[in-house]
K.L.:
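One structure is given below, represented as structure tokens, and several questions about it will come after.
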There are 2 protein chains.
Amino acid sequence: MTVVFYTSYFVHSKSYINNTMPKAKVSETFILNQALKIFSQKSYYHATMADIAEACGLLKGSMYHYYPSKEDLMKAVIAYVHDYFNKEVFAHAYDQKVSTRERLRKMGEVTEKMFIGPQEGCIMGNIGIETARVIPEFSDLICNFFNDWVDALTYVLKDKYSDKTAREVAEQCVSEIEGAVMMMRIYNEPRYLKDALKRVAKRAY
Amino acid sequence: MTVVFYTSYFVHSKSYINNTMPKAKVSETFILNQALKIFSQKSYYHATMADIAEACGLLKGSMYHYYPSKEDLMKAVIAYVHDYFNKEVFAHAYDQKVSTRERLRKMGEVTEKMFIGPQEGCIMGNIGIETARVIPEFSDLICNFFNDWVDALTYVLKDKYSDKTAREVAEQCVSEIEGAVMMMRIYNEPRYLKDALKRVAKRAY
DNA sequence: TTATTTACCAAACGGTTGTTTGATAAAAAA
DNA sequence: TTTTTTATCAAACAACCGTTTGGTAAATAA
């Protein structure tokens with residue numbers, strides 16, 4: 001499991017080091033969450049810096065106080081989401097305290113919460129498809145995310161399957177969930193994801 | 001099964017009606033194929049009219065002789081692909097002359113050819129995700145495409161499952177294939193799609 | 001206090017891109 | 001033949017968008 005930490009520009013400011021944030025309309029986390037929402041809803045190219053700034057209550061020029069470019073902002077969002085999944089979803093796979101079934105149930109529960117709601121889909125899949133042959137730097141980060149996901153599921157499924165089969169089934173699960181999220185987004189029906197997650201959970205019974 | 005025919009601007013020209021095409025660098029089919037390739041590779045917003053025109057050996061202004069806008073061109077491409085799948089993929093589902101297994105095998109064979117190659121993915125899924133909350137007109141057309149796909153698979157699977165189960169399995173198959181195509185595009189590995197198609201084919205044994 | 005840094009705004013800049021316009025040369029029609 | 005239509009080009013237009021710049025007021029540091 002690779003944990004990716006994006007070097008935020010907050011880190012370089014004295015106010016962050018001293019933990020005494022001066023008057024500020026927004027926080028780093030707030031910007032990342034708003035950017036995540038706008039990028040998810042509108043896709044990368046159709047989301048403008050003005051859109052994201054507006055969602056933060058700022059003007060677009062002010063965004064460059066936090067991130068030097070739109071691409072860097074997107075990378076920060078990807079890292080933010082990756083980190084969130086590492087802690088809130090993938091970590092459950094390695095939790096020795098609960099049963100295999102319970103680990104998968106918990107992973108599915110949080111995944112559902114992440115993909116349904118204001119995001120309306122999986123930003124990793126969306127941006128991955130959109131920028132696949134255009135911005136390879138995004139693709140690399142997104143591949144790392146999916147690798148961690150597959151690793152986590154493989155680890156759980158080793159309790160039920162051989163090592164080789166576990167990895168195959170894990171890849172199928174991720175692929176099936178992403179396909180369902182795609183259908184959910186296009187049809188605007190959460191049912192697709194909910195059903196897919198139920199099927200995935202059953203594979204550990 | 002709904003067959004969508006896009007009203008091309010060729011239809012309105014006398015030369016088409018009389019079947020005497022004057023000097024022309026390109027044909028309508030050629031433009032649609034080149035546009036399909038560029039849109040698939042670069043996504044909708046990153047593909048420029050200049051890109052597509054260049055792939056056709058034209059200047060971007062000349063594209064407007066054939067289609068009044070980029071959106072109309074995209075709609076024509078969607079209709080073109082939908083029509084192609086109706087004839088070359090979905091039609092096999094209703095072919096009473098061959099066995100259930102053979103129908104699915106044939107559908108999978110052509111699907112693989114369509115998604116692997118210069119297209120490197122499924123334009124319906126790609127554009128569907130990218131423009132889901134931006135251009136609803138695209139979403140409607142793309143939903144029709146997926147509806148026809150699910151209908152075709154449901155029809156075949158009724159030989160093996162109950163009506164209700166057949167539709168559920170059909171939806172799973174389409175969703176699983178689209179997820180695999182997404183992974184194939186992001187990882188740049190055709191293996192994901194090939195494996196998914198094998199699993200889908202097995203459901204009819 | 002004074003000096004410096006911070007968070008943000010307002011406006012402008014420069015490049016890109018979808019679209020329009022006017023012209024041209026070849027083909028088709030009359 | 002003459003006239004009209006067609007396919008294309010070359011150039012310009014207008015809007016948009018990522019980015020930069022210069023300034024301001026508040027907070028912090030000295």
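We name chains A, B, ... by the order of the sequence lines, and we start the count at 1 in each one.
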K.L.:
Over how many whole Å does the gap from Tyr64(B) atom OH to dA11(D) atom C1' extend?
P.N.:
15 Å
K.L.:
To the nearest angstrom, how far is Lys42(A) atom NZ from dC16(D) atom P?
P.N.:
13 Å
K.L.:
My understanding is that only residues two or more places apart in sequence, or in another chain, count here; which of them pass side-chain contact (heavy atoms from CB on, under 4.5 Å) with Glu168(A)?
P.N.:
Lys164(A), Gln172(A)
K.L.:
Restricting to side-chain contact (heavy atoms from CB on, under 4.5 Å), what partner residues turn up for Tyr64(B), sequence neighbours left out?
P.N.:
Met49(B)
K.L.:
If I take atom CE in residue Met63(B) and atom P in nucleotide dT21(C), what distance separates them, rounded to the nearest angstrom?
P.N.:
19 Å
K.L.:
So, using salt bridge (Lys or Arg N to Asp or Glu O under 4.0 Å) as the criterion, who are the partners of Glu102(B) when residues are at least two apart?
P.N.:
Arg105(B)
K.L.:
Tell me every residue that passes salt bridge (Lys or Arg N to Asp or Glu O under 4.0 Å) with Lys42(B), counting only those two or more places apart in sequence or in another chain.
P.N.:
Asp51(B)
K.L.:
What residues in residues 43-62 of chain A put a non-hydrogen atom under 4.0 Å from any atom of DNA chain C?
P.N.:
Gly57(A), Leu58(A), Leu59(A), Ser62(A)
K.L.:
Could you tell me whether the side chains of Asn144(A) and His82(A) share a donor-acceptor contact shorter than 3.5 Å?
P.N.:
no
K.L.:
Does the side chain of His65(B) get closer than 4.0 angstrom to OP1 or OP2 of dT8(D) through an N or O atom?
P.N.:
no
K.L.:
Taking the side chain of Val26(A) as its heavy atoms from C-beta onward, which of dC8(C), dT19(D), dA7(D) lies nearest to it?
P.N.:
dC8(C)
K.L.:
How close or far is atom P of dG18(D) from atom CG of Asp72(A), stated in whole angstroms?
P.N.:
14 Å
K.L.:
Which residue pairs pass the side chain to side chain donor-acceptor pair (under 3.5 Å) test with at least one member in residues 134-143 of chain B, sequence neighbours excluded?
P.N.:
Lys75(B)-Glu137(B)
